[in-house]
Amino acid sequence: MTDGPGGLRAAVMRLCDEAESLVTQGAGVLVVDDGDVSSDRAPVPSLLAAGAVHQRLIARGLRSNTSLVVVADDARDVHHMACLLGYGADAICPRLALLTVAADAGASEDSDMLSTEAQERYHAAVEDGVLKILSKMGISTVDSYRGAQIFEVVGLGHEVVDVCFTGTTSTVGGIGWDALGEDVLARHAEAGWPPAEEAGRLPNPGYYRSLKRGGEYHAHNKEVVDALNNMNAAHLLQRALRADNEDLYEQFASLVNDRAPTELRDLLELVPQKDPIPVDEVEPVTEITRRFSTGAMSHGSLSAEAHETLAEAMNLIGGKSNCGEGGEAEYRFHTRGLPKGDKNSRIKQIASGRFGVTPQYCAYADELQIKVAQGSKPGEGGQLPGHKVSDEIALLRHTQPNVTLISPTAPRHLLHRGSGPAHLRPEAGEPLRRGLGEARGRGGRGHGGGGRGEGPRRDRADLGRQRGNGRVAAFLHHAGMPWELGLADAQGALIENGLRDRARLRIDGNLMTGRDVVMAALLGADEYSFGTAAMIAEGCIMLRACHRDTCSTGIATQRPNLRAKFTGTPEGVAAYLLFVAGEARRLLASLGMRSMDEAVGRVECLRQRRTGDPRVDSVDLTPIITPRRTPRRLAGSWPRSPSSGPVPASATASRPTPSTPCGTATTSSCATPSPTATGRSAPPWGVPSPSSGARERLGARPSSTSKDRPVRASEASSPTASSSTWWGRPTTTWARAWPAGASSSAPRRRRR
C-alpha cells in the first residue's frame, strides 16, 4: 500500500525472485497465496502472480523441478480457472468461492443442503466447465491445456504481457503496471479497513446485465433499446410521416455513435481523402441494403413468428436472411420470389449436415453456409436447450422433443479443403450461386482468410463475434475477440497471398448504425450482418433470458402463450435497415465515394482519435489501420445474378496472368479462356479453370462422357448454364472452361 500503484510490478518481481530461490534450494511444491491481506497490504491478482512465476521458472530452466499451486480469493468462475491452468497452475484452490458457497448453504432456510455438499457441487460445476472448454478447443487432457497459453490479450500493455504472459498475442496493447496497480488499490479501499463486523452488500459491477445505476457500460443499454423500439413503433403508427422516423433514427444513432469508447471502432474517426460529393451521386440505398444480412439465428432459438419476420424483412430490402442451423418449414420455400410475404431464407447453414438439412432445404438456398467455428454465442454457439425443443422444432430438425441439440463444427484439419465450398454441389433444384465459409472471431486468420479463397468459386468468409441470444453468461463475458482485429487479419492474409479478388468478407458482430457499416467497409468488409439490432427492431427488449424460454415479447421462445405476444413486423425491421443504409450513404458522400465498393479496404480514411483518457489512449490501433504494401485488389463489382448475363471484362481485367500458357489456347489468361478454343462457355465471374487433376478431385466428368438431357428454357437463356453429371446423376451446374488440350478421357475414381 505504501508503494502506491507502482508497487504492483515490484511485488510481482519480488515474488518471482523468491520462487526462483526456493526452487533452486530444492522446493518441490510452490504455493502462491494471496490471503495475507491487511489494511496496509493489498493482494496481487492471482493470474499475474501465477503467470509471472511460471514464466520466470521457464526462463531459468527450473519449471520442471516443481509444481505450482495457486490459492486464490479472486478466482470464482470457470474462465478464471481456465486462465490459471492455461498459464501454468498445476492445482487451484478457489478459497473465497468455497467459503462463500458453504456460508450460503448454511444460512439458507429453504434447503437442507449441507455446506460440504454445496462445495462438492461447486467443484463439480467448475470441473465440468473446464472440461467443456477443453473439448471446444479439441484438447483431451488437462496436462495438454496446462501452460498452453491459447489465449489472446485485448487492452493489456506489452510491459505486462512480456512478464506475466510471455508469448501471448496483444495486437493493440493497452494499460500497464501503474493502471493495474490503481485498480488493485481501488478494490482494496472499497472493501473497507478495518473490516466491519457485519459485511454490507457488495456492489454489483453489472458484468452480465446493464444496471439502472452504476456498473459498466453496455452497448445494448436501456436507452439504446428503447430508442430503437420507439423508432419501430413510430414507423407502424406514422408510416407516412417519414421525417419523424428519420428524426427518431438520428436520436438512436447518436446514442450509439457518441457513446463512450466501447468497441475498437469507437476509437476511430473518418478522414476524407477526397472532396465531399452530393448524396445524390452515391449509389442508392437499395444497392447498399443488398449487402445486408441477418445473423445465423435459427428457428428454435427464435420463435417461428420472429424468424419469419426477419426473413421477410430482408427479402423486402433485397438483403439475405440467415436461417441458422435449425432447418425451415417447407411452406416457406414456396413463398420464394413473392413481392410480399417471401419468408424463404436465402442463406442456409449446413452445419455438419444436421438439424433439418435435406436436398429440398439446400435447393432453396442462394448461399450455403458452412460453419467451421461457433460465433453467435462465443464458446457456446450451436446449442439449443432441451426445453426449447418443442414438437414443432423436433419435426423440423428430425429429432425428438426435449432433447438438447449441440452442433459440432468441422475439425481443424478440414478447414482448408474438406469443408470448402468447392466441394459442395446441389443435389436438386437450382445451381449453387456462391459458397460461404463461416470463420468466427479471429478464426479468420489463415483458415478463414487465406484458406477460404482456395476453391475455384468466389467464396466468402464470415468474420466476427456476435453476442447472440440463448448464451451462457460466463462464456459470453470472457470469450470472443473484436471483429476489427479478425477483419484486419483476414484482409491482410488475403492481400498478401494474392487472394483478395477471390473472396468476399462478411462481418457480423454488434453492428447497429450506418457508421458501423462504413467503418467495417473501410477495414475491408464487403457485406454486413445484423443480429441483436435486428431482433430489437422487431421488439426485443433485451431481457437476456433467451435460453430460459421465457421471452415475454415472443421472440426467443417456443411457448404458444408467449409467442402470441409477438408484435414485430417485417416493415419495421426493413425501415430500420433502410435508415442504416441511408446513414451509410451520407457518410460515403462526406468521404467523396460513390459506392460501397470504393470504400472497401480504404484504411487510409481512418485515424485513431485521442480521448484524453490515458487508459483509453494506451490502445494502439496502428496495426489495423496501416495500409498494406501489396496493391489493393478487391473482389470487383457486386456479384451479378447468373440470369443477368456475363460479368463485364472490367471485373476480371486486373487478374494476374499465369506464367504458364493454358495448353494450346491463344488466350492471355486462364481466368477467361476462349469459348471457341474450348467448346464451352466461360466460367462465371472469371474464375480460373482447374486442371484435369483438379477435375478428378472435384468429381466432374468431361462433356464426352456426360449423359445428355433436355435443357430447360431458363438454362438456354443463361450464357453460363449447361448440363453435366455429378457421378452419373444429371444436375444443373455452372459450366467451366477447361484448358485447351486437356485430356477428354473420363478420369478413374480412386479406390479407397
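Numbering starts at 1 and runs along the sequence shown. Reckoned from all heavy atoms, side chains included, excluding hydrogens, waters and symmetry mates.
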**Partner residues of E18 under the salt bridge (charged side-chain N to carboxylate O under 4.0 Å, His left out) criterion, sequence neighbours left out** = none
**Request:** Please list, chain by chain and in numerical order, all residues satisfying side chain to side chain contact (heavy atoms under 4.5 Å, CB included) with T116, sequence neighbours excluded.
**Result:** L114
**Prompt:** Just by distance, do the side chain of W483 and the backbone of G509 share a donor-acceptor pair under 3.5 Å?
**Reply:** yes
**Any residue meeting side chain to side chain donor-acceptor pair (under 3.5 Å) with T294, in chain and number order, not counting sequence neighbours** = none
**Fill in**
Those residues at least two apart in sequence (or on a different chain) that pass salt bridge (charged side-chain N to carboxylate O under 4.0 Å, His left out) with R95 are D33, D34, D73
For a quick test of your reading: what N or O donor-acceptor pairs under 3.5 Å do the side chains of residues 118-129 make, sequence neighbours left out?
| unit_1 | atom_1 | unit_2 | atom_2 | d |
| --- | --- | --- | --- | --- |
| Q119 | NE2 | L98 | O | 3.1 |
| R121 | NH2 | E117 | OE2 | 3.3 |
| Y122 | OH | R76 | O | 2.6 |

**Message:** Please enumerate all residues that pass side chain to side chain donor-acceptor pair (under 3.5 Å) together with S21, with sequence neighbours excluded.
**Reply:** Q25
Which atom pairs, one a donor and one an acceptor, fall under 3.5 Å between side chains of residues 83-92 and the rest of the protein, sequence neighbours left out?
| unit_1 | atom_1 | unit_2 | atom_2 | d |
| --- | --- | --- | --- | --- |
| Y87 | OH | T168 | OG1 | 2.9 |
| D90 | OD1 | R146 | NE | 3.0 |
| D90 | OD2 | R63 | NH2 | 2.8 |
| D90 | OD2 | L68 | N | 2.7 |

**Message:** Restricting to side chain to side chain donor-acceptor pair (under 3.5 Å), what partner residues turn up for D178, sequence neighbours left out?
**Reply:** none
**Item:** Side chain to side chain, V163 and W177, heavy atoms closer than 4.5 Å
**Value:** yes
**Item:** For A186, all residues meeting side chain to side chain contact (heavy atoms under 4.5 Å, CB included), sequence neighbours excluded
**Value:** none
**Message:** Can you tell me which residue among D620, L267, L485, L156 is in a side-chain contact (heavy atoms from CB on, under 4.5 Å) with V172?
**Reply:** L485
**Message:** My understanding is that only residues two or more places apart in sequence, or in another chain, count here; which of them pass salt bridge (charged side-chain N to carboxylate O under 4.0 Å, His left out) with D162?
**Reply:** none
**All side chain to side chain donor-acceptor pair (under 3.5 Å) counterparts of R187, not counting sequence neighbours** = none
**Item:** Listed partners of D17 passing salt bridge (charged side-chain N to carboxylate O under 4.0 Å, His left out), at least two apart
**Value:** R56
